Structures are given as C-alpha cells and as structure tokens.
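Structure first, then comments.
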There are 2 protein chains.
Amino acid sequence: MPKPGPRLRLVDVAERAGVSLATASRALAGRDGVSEEVATRIREISRELGYVANPYARTLAGGASSTVGLVVHQVDDPYFSEIAGGVIQVADEQSLLVQICHSGRDPDHELRQIRHLIAQRVGIIIIAGSGYNDPRIEAEAKAELSAFQSLGGRVAVIGRHSLGVDAVLPDNEAGGQALGDHLVGLGHRHIAVAAGTPGLTTVADRLAGVAAGLRAHGLSLDDLPVVHTDFTRDGGRAAADQIMTNHPATTAIVALNDAMAMGVLSALRARRTPVPDRVSVVGFDDVSVAADLAPSLTTVRLPMTDMGRMALELALKPRSARPRRRATGHRLIVRDSTGPVPAV
Amino acid sequence: MPKPGPRLRLVDVAERAGVSLATASRALAGRDGVSEEVATRIREISRELGYVANPYARTLAGGASSTVGLVVHQVDDPYFSEIAGGVIQVADEQSLLVQICHSGRDPDHELRQIRHLIAQRVGIIIIAGSGYNDPRIEAEAKAELSAFQSLGGRVAVIGRHSLGVDAVLPDNEAGGQALGDHLVGLGHRHIAVAAGTPGLTTVADRLAGVAAGLRAHGLSLDDLPVVHTDFTRDGGRAAADQIMTNHPATTAIVALNDAMAMGVLSALRARRTPVPDRVSVVGFDDVSVAADLAPSLTTVRLPMTDMGRMALELALKPRSARPRRRATGHRLIVRDSTGPVPAV
DNA sequence: GTGAAAGCGCTAACAT
DNA sequence: ATGTTAGCGCTTTCAC
C-alpha cells in the first residue's frame with residue numbers, strides 16, 4: 001500500500017534559507033531562540049515552497065500530535081453527527097485533524113477505542129455520549145484517560161460527569177424537569193416515560209429531572225409507568241406499544257430522546273392514536289428533523305453543534321488543576337405534539 | 001482485557017518473544033519470512049501485552065499509512081453521516097483510522113482539504129458528495145489525486161464521475177427516471193422540480209433522469225417549472241413557495257434530495273396545501289427520517305451506508321489499470337406523500 | 001542566536 | 001528463517 005513519495009522536507013526549506021535544520025524547526029514552530037528577522041524569512045520561504053511538515057516525523061520526534069480523536073456512539077445518529085460537526089468546525093479553524101470512531105454504545109468497545117486512540121498517540125481525545133452506570137467501566141476509562149493526561153494528552157467529554165476530566169454537561173436534569181412541568185401544566189396526570197437502557201447516565205439524569213418536575217406538582221414517578229428499552233427509535237416504538245397496552249389511560253408520553261420520540265410517534269400512528277388529541281408526546285435533544293415530524297415534536301433543545309465546539313475548545317486550553325465543567329443550557333421548544341389533556 | 005502499558009514498543013514484544021526486531025515486525029505485519037510457529041507466538045505475546053504499533057513510526061519508516069481521509073460536504077447532513085457510518089464500519093474492521101473533514105459544499109475548500117490530507121500523508125482518500133460542473137475545479141482535483149495515486153496513495157469517490165479514480169456511483173439517473181415514471185403513472189402532468197444548485201453534477205444527473213422518465217410518457221421538462229435553489233431544506237422551502245406561487249396548477253413536486261423534500265413539505269404545510277391530496281411530493285435518497293415525516297415521503301432509496309462501505313472496500317483493493325465503477329442500485333419507495341392527481 | 005547530533009519507533013534492505 | 005543496521009523527517013538537548 002501507500003508509500004511516502006519524494007516530498008518537500010524541512011531540510012529543503014533550511015537549505016534554501018541558508019540555516020540549519022534546528023533553526024528552521026524552531027522558526028516554523030514559533031519557538032524562540034531565533035531572531036525575528038531570520039524566523040520571518042524562513043516562514044516566508046516555507047510558505048513559498050508550499051512546505052507542510054510531515055506529521056509522522058513531527059510526532060515521532062516528540063512534537064505535539066495535532067490530531068484529535070473523537071469517540072461517538074454512532075455518527076449516523078443525528079445527535080452525534082451534529083456534535084461531530086461542531087468538533088470538526090473548530091478543528092478546521094485550528095488546522096487540526098479529527099479522527100472519528102464509534103463506540104457503538106458498547107462500553108467495552110468504547111474502552112477499546114479509547115485505548116486505541118491513545119496507542120495511536122492522538123494529542124486530544126473527545127468523548128461524546130452518555131456515560132455508563134457500571135462503575136468498573138467508568139473506573140477503567142478514568143484510569144486510562146488520566147494516564148493519557150499525565151503523558152501530556154488532553155481530554156474533554158460531553159455528557160459524562162464521572163471521568164475526572166473537562167466536561168461539557170448537557171442540562172439533562174433541568175431539561176427533564178421542564179418537560180415534566182410542561183406536561184403537568186397542560187393538565188396531564190397519567191404520564192408515562194419511554195426511557196432508554198438503564199445503564200446510561202443520560203437516561204438516569206433525564207429521568208431524575210422528569211421526576212423532579214413531577215414532584216413539584218405532587219406527582220411521583222414511582223406511581224407511573226417507566227419503560228426501559230433501547231435508547232433508539234425502535235426502542236421508542238416498543239416502549240410506546242407496551243405503555244399503551246398496559247396503561248391505556250396514559251395521556252402523555254415522555255421519550256428521553258428524540259429518536260425514541262420518533263419511535264413513539266410511529267407506534268401511536270400505527271395504532272391510530274391521535275397526537276396530541278389523545279396522547280401528548282415529548283422528546284429531548286431537538287435534532288433538526290424534530291420540527292418536520294408530524295406532528296412537529298415538543299422537545300428540549302440542546303445546542304449539539306456548540307457542545308462539540310465547546311468540548312474541543314475546552315481541550316485546547318491548557319489543562320487546569322481541577323476538571324472544568326461547562327453547562328450547555330437548554331430550551332423547551334413547544335410544538336404540536338403536546339396539548340391539553342383530552343376531555344373524558 | 002489487555003492493558004497497554006504507558007509506552008509499549010515493538011522491541012518489548014520482540015525481547016519477550018526472544019526474537020529480533022525484524023522478526024517481530026514481520027510477524028505482526030503478516031509478511032512472510034517467519035515460520036508460522038514463531039509468528040503465532042509473537043502475535044500472541046503482542047496481544048497479551050496489548051501492544052499497538054506506533055503509527056507515526058510505522059509510517060515514517062516507510063510502512064503503509066493506515067489512515068483514511070474522508071471528505072464529506074457536512075457530517076451533520078444525514079446523507080453524509082450515513083455514508084460516513086459505512087466508511088467507519090469498514091475502517092474499524094480493518095483497524096484503519098478515519099480522518100474526517102468538511103468541504104462545506106465549496107469546491108475551493110474541498111480542494112484545500114484534499115491537499116491537506118495528502119500533505120498529512122494519509123494512505124487512502126475517500127471523497128463523498130457531488131462533483132462540480134466547473135471544469136477548472138475538477139481538473140485541479142483530478143491532477144492532485146492522480147499525483148497522490150502515483151505516489152502510492154489510493155482514492156475512491158462516491159457520486160463523482162470525472163475524477164479518473166475508482167468510483168461508487170449512485171443511480172441518480174435511473175432513480176430520477178423512476179420518480180418521473182411514478183408520478184406520471186399516478187396521472188400527474190403538472191409536475192415541477194425543486195432542483196439544487198445547477199453547479200452540482202448530482203443535480204444535473206438526477207434532473208436528467210427525471211427528464212427521461214417524463215419523456216418516456218411524452219412530457220418534456222422544458223415545458224415544466226424547474227427551480228434551482230440550494231440543495232438543502234431551506235432551498236426546498238424557497239423552491240416550493242416559488243413553484244406554488246408562479247405555477248398554481250402544479251400537482252406534483254419532485255425534490256432532488258430528501259432535504260429539499262422536507263423543505264417542500266414544510267412550505268406546503270405552511271400554505272395549508274394538503275399532501276398528497278392537492279400536491280404530491282417526492283424526494284431522493286431515503287434518509288432514515290423519510291419514513292417518519294408527515295406524510296411519510298415517497299423517495300428513491302440509495303444504500304448510503306453500503307456506499308460508504310463499498311468506497312473504502314474499493315480503495316483497499318490493489319489499484320487497477322483503469323478506474324473501477326460500482327453502481328449502487330436504487331429502489332423506489334412509495335409512501336404517503338404521493339397519490340393520484342386530484343379530481344378537478 | 002545558531003548549529004551539530006542524538007534519538008523518537010518502526011520498516012526494509014542487506015547479511016547470515 | 002532470522003538477525004543487523006541504516007535510515008524515514010522531525011524535535012530537542014547540548015555545544016558553541
């Protein structure tokens with residue numbers, strides 16, 4: 001397979017400028033120890049020649065790696081593709097490369113991917129996606145990442161709180177609360193939750209938010225159906241079917257992400273249950289199609305693209321003594337999938 | 001689960017196996033010149049130790065670069081995120097890394113990204129997304145890529161025919177034809193097209209297909225409104241508004257991709273124009289949400305994930321004398337957004 | 001401020 | 001079949 005060809009090397013630039021390799025290297029890296037005059041000339045020549053450093057040589061020699069490893073559950077899930085979009089934007093601005101890989105929602109696979117990225121010597125690791133309630137997994141990941149950091153790597157995560165690194169934290173609880181509040185405000189009491197797999201912290205957090213929102217109005221989630229299925233469209237379908245079969249009095253379903261909400265809508269459509277006239281439905285995330293569903297989906301908007309941007313920006317700052325946390329904010333977007341409780 | 005030490009090197013594996021560096025290298029690379037017995041032992045030890053080769057050293061030393069550069073217009077566009085998903089799947093299977101970057105639908109930017117990937121010494125380049133009708137751009141890209149190939153790089157593209165490299169070619173014409181055929185079959189005569197920017201070859205190809213489909217029934221696209229706007233949801237909105245205002249007799253709108261179709265549906269909804277009772281709408285691609293829109297979208301399915309897979313698989317084969325081409329196939333998916341012509 | 005030289009970890013000739 | 005060794009192109013001490 002591909003072999004490197006005869007390309008422009010740093011020596012060529014150095015020779016052309018009449019300086020040594022070391023000086024040229026210093027000049028291009030913007031390090032000091034070179035007179036401003038010489039440095040400028042070297043940079044000019046390099047630009048003229050169209051020189052681009054060989055990243056393999058650079059990194060091997062101990063320079064900083066300019067590639068960022070991005071771990072997402074699945075790029076073709078809109079939640080993650082929007083986050084990836086944000087990361088790529090910033091990377092582009094900073095001339096960094098983005099290496100993307102899938103965890104496939106499998107904690108062990110994720111761990112393997114993280115190790116792989118570290119072994120590949122990326123300079124920065126961004127992990128997007130829910131954490132796991134399994135302490136073993138989280139501990140192993142944490143250990144791996146902190147070793148990576150102590151070797152000079154930078155890490156930022158999105159939506160995980162227990163990894164001891166800089167984190168962008170979506171407003172999962174507050175958003176869940178807003179949702180619960182909204183439904184109760186519309187008069188709903190028979191509320192059910194289509195929740196994702198219980199192993200995900202995102203599910204737990206959003207659920208806790210919903211519980212809090214209901215509690216404020218004297219309702220308890222303990223008395224209401226909470227169905228745990230996959231955190232996907234299909235999971236949503238299954239959950240909705242289960243809910244409507246076992247709890248026909250339900251007038252509102254909270255799906256803990258938009259993908260599940262889409263499944264819920266689809267299941268209700270199949271059952272010819274009018275939304276929102278008979279059952280209201282809410283989602284979470286506000287992926288871009290949420291507005292185009294029928295009915296358009298009431299949901300909590302999370303700024304996914306910005307979350308991606310923020311994560312890489314965090315990782316690009318010098319490491320701080322203690323992990324930084326950035327909350328994302330959220331906004332309840334009321335659309336057509338929610339309405340008042342049907343008159344009995 | 002093997003835990004990689006802070007910095008395991010090939011020497012460590014070699015020492016542990018009691019062989020030389022060269023033998024270890026050969027064994028792990030699967031090259032011959034090592035007895036099967038020894039090779040197996042080395043591989044075992046390497047796995048046990050959790051050894052992962054340093055790709056920088058490996059590539060610098062003249063080995064194959066194991067990274068794939070993927071250029072997409074935008075990852076957060078479902079069409080591209082599904083393709084990216086396919087590429088990542090295969091890469092994962094082959095232990096390759098995927099570096100992803102955006103062209104942003106800007107031909108000059110795309111060219112810059114390609115040059116950057118080449119300068120970064122990726123081993124394989126995959127370019128997804130429509131080509132451009134601008135011959136200058138295509139010629140420059142072609143030159144760049146062929147230089148890259150002659151240096152041993154591998155290239156495959158998706159949906160571009162004029163680059164002189166291996167290509168996965170979506171059934172744009174045949175799909176367009178199927179769409180035209182479908183609408184005429186339902187009795188539609190007043191058909192309009194919401195087309196993307198005319199500079200994109202994908203737009204031209206799909207349009208040609210639609211024209212052919214109509215022509216077969218004695219209709220000519222020359223007599224029908226074809227509105228060129230952005231190849232996006234917003235473009236679809238604008239096109240639909242323009243079409244319905246200027247050609248109120250229109251009973252069917254062909255959008256040249258699903259994103260535009262979503263815009264069309266949204267514009268029609270805003271105008272309270274019933275779909276499909278008053279106007280039928282078709283899209284192209286069958287992105288995963290197409291089935292969840294209201295009404296669900298009649299469209300041409302392209303196997304995006306497979307297209308990503310095929311592209312990388314093509315690129316992984318040894319280069320052939322002449323560029324290979326793989327057609328993707330397509331399937332007309334009839335859903336609820338199309339129906340018979342309304343009775344007058 | 002600048003240059004010379006020693007690696008970084010690996011592959012690939014060249015030996016044996 | 002296996003070992004020895006010379007680089008790959010760069011950064012980084014360490015001299016000057």
Side-chain angles (χ1 to χ4, degrees), chain A residues 1-43 46 49-67 118-123 151-152, chain B residues 4-43 45-46 49-67 95 118-121 123 151-152:
Chain A
M1 258 216 303
K3 293 183 167 191
R7 287 169 221 197
L8 211 49
R9 290 158 313 155
L10 184 53
V11 236
D12 303 323
V13 176
E15 249 169 37
R16 180 74 171 266
V19 297
S20 76
L21 206 55
T23 304
S25 170
R26 288 192 263 254
L28 294 182
R31 256 166 295 138
D32 50 31
V34 190
S35 68
E36 204 33 69
E37 186 197 1
V38 176
T40 308
R41 191 160 46 87
I42 293 174
R43 278 194 277 266
S46 147
L49 263 40
Y51 169 74
V52 182
N54 182 326
Y56 298 98
R58 191 204 278 281
T59 306
L60 182 56
S65 157
S66 62
T67 107
I118 295 175
Q120 300 293 329
R121 276 73 174 174
V122 298
L151 256 39
Chain B
R7 231 104 221 197
L8 210 48
R9 292 157 312 153
L10 183 53
V11 231
D12 302 324
V13 177
E15 248 171 38
R16 179 73 170 266
V19 298
S20 76
L21 207 55
T23 303
S25 170
R26 287 191 263 257
L28 294 182
R31 257 167 294 144
D32 49 35
V34 191
S35 67
E36 205 33 71
E37 184 198 1
V38 176
T40 308
R41 191 161 44 87
I42 293 174
R43 278 193 277 267
I45 290 178
S46 146
L49 263 41
Y51 169 75
V52 181
N54 181 328
Y56 298 98
R58 188 202 280 277
T59 304
L60 184 56
S65 158
S66 61
T67 108
S95 318
I118 294 176
Q120 299 296 326
R121 275 77 171 174
L151 256 39

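Keep in mind it's a predicted model, so treat the numbers as computed, not measured. The sequence lines fix the lettering, A, B, ..., with proteins before strands; numbering per chain opens at 1.
- The distance between atom CG of B:Leu10 and atom P of C:dT11, rounded to the nearest whole Å, is 6 Å.
- In terms of heavy-atom proximity, A:Ser65 sits nearest to A:Gly123 at OG-N, 3.2 Å.
- The interatomic distance linking A:Leu60 (CG) with D:dC10 (P) rounds to 12 Å, in whole Å.
- Separating the CG atom of A:Leu28 from the P atom of D:dC10 is a distance of 9 Å, rounded to the nearest angstrom.
- The distance between atom CG of A:Leu151 and atom P of C:dC8, rounded to the nearest whole Å, is 15 Å.
- Rounded to whole Å, the distance from OH on B:Tyr56 to P on C:dG9 is 14 Å.
- Distances shorter than 4.0 Å separate some side-chain N or O of A:Arg31 from OP1 or OP2 on D:dT12.
- Distances from the side chain of B:Arg9 to the nucleotides C:dC10, D:dT2, D:dT11 place C:dC10 closest.
- Across A:Ala24 and A:Ile42, no two heavy atoms sit closer than the pair CA-CD1, 4.0 Å.
- Here A:Ser25 lies in heavy-atom contact (under 4.0 Å) with a base.
- Here C:dC10 presents its P atom at 16 Å from CG of A:Asn54, a figure rounded to the nearest Å.
- Under the 4.5 Å side-chain criterion, counting only non-hydrogen atoms from C-beta, A:Val19 is not in contact with A:Val34.
- For the residue pair B:Tyr56 and A:Thr67, the shortest heavy atom distance occurs at OH-CG2, 3.7 Å.
- Among all heavy-atom pairs drawn from B:Leu49 and B:Arg16, the shortest one is CD1-NH1, 3.2 Å.
- In this structure, B:Tyr51 places its OH atom 10 Å from P of C:dG9, rounding to the nearest Å.
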Report each atom pair, protein N/O against N/O of nucleotides 3-6 of chain D, whose distance is under 3.5 angstrom.
unit_1: D:dG3; atom_1: OP2; unit_2: B:Ser20; atom_2: N; d: 2.7
unit_1: D:dG3; atom_1: OP2; unit_2: B:Ser20; atom_2: OG; d: 3.2
unit_1: D:dG3; atom_1: OP2; unit_2: B:Thr23; atom_2: OG1; d: 2.8
unit_1: D:dG3; atom_1: N7; unit_2: B:Arg26; atom_2: NH2; d: 2.8
unit_1: D:dG3; atom_1: O6; unit_2: B:Arg26; atom_2: NH1; d: 3.3
unit_1: D:dG3; atom_1: O6; unit_2: B:Arg26; atom_2: NH2; d: 3.1

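- Put simply, A:Thr59 has no side-chain N or O that comes within less than 4.0 Å of OP1 or OP2 on D:dC10.
- Of all heavy-atom pairs spanning B:Val52 and A:Gln120, the tightest one is CG1-NE2, 3.9 Å.
- For the pair B:Asp32 CG and D:dA1 C1', the computed distance is 11 Å after rounding to whole Å.
- Put simply, the side chain of B:Ile45 reaches to within 4.5 Å of the side chain of B:Arg41, judged on heavy atoms.
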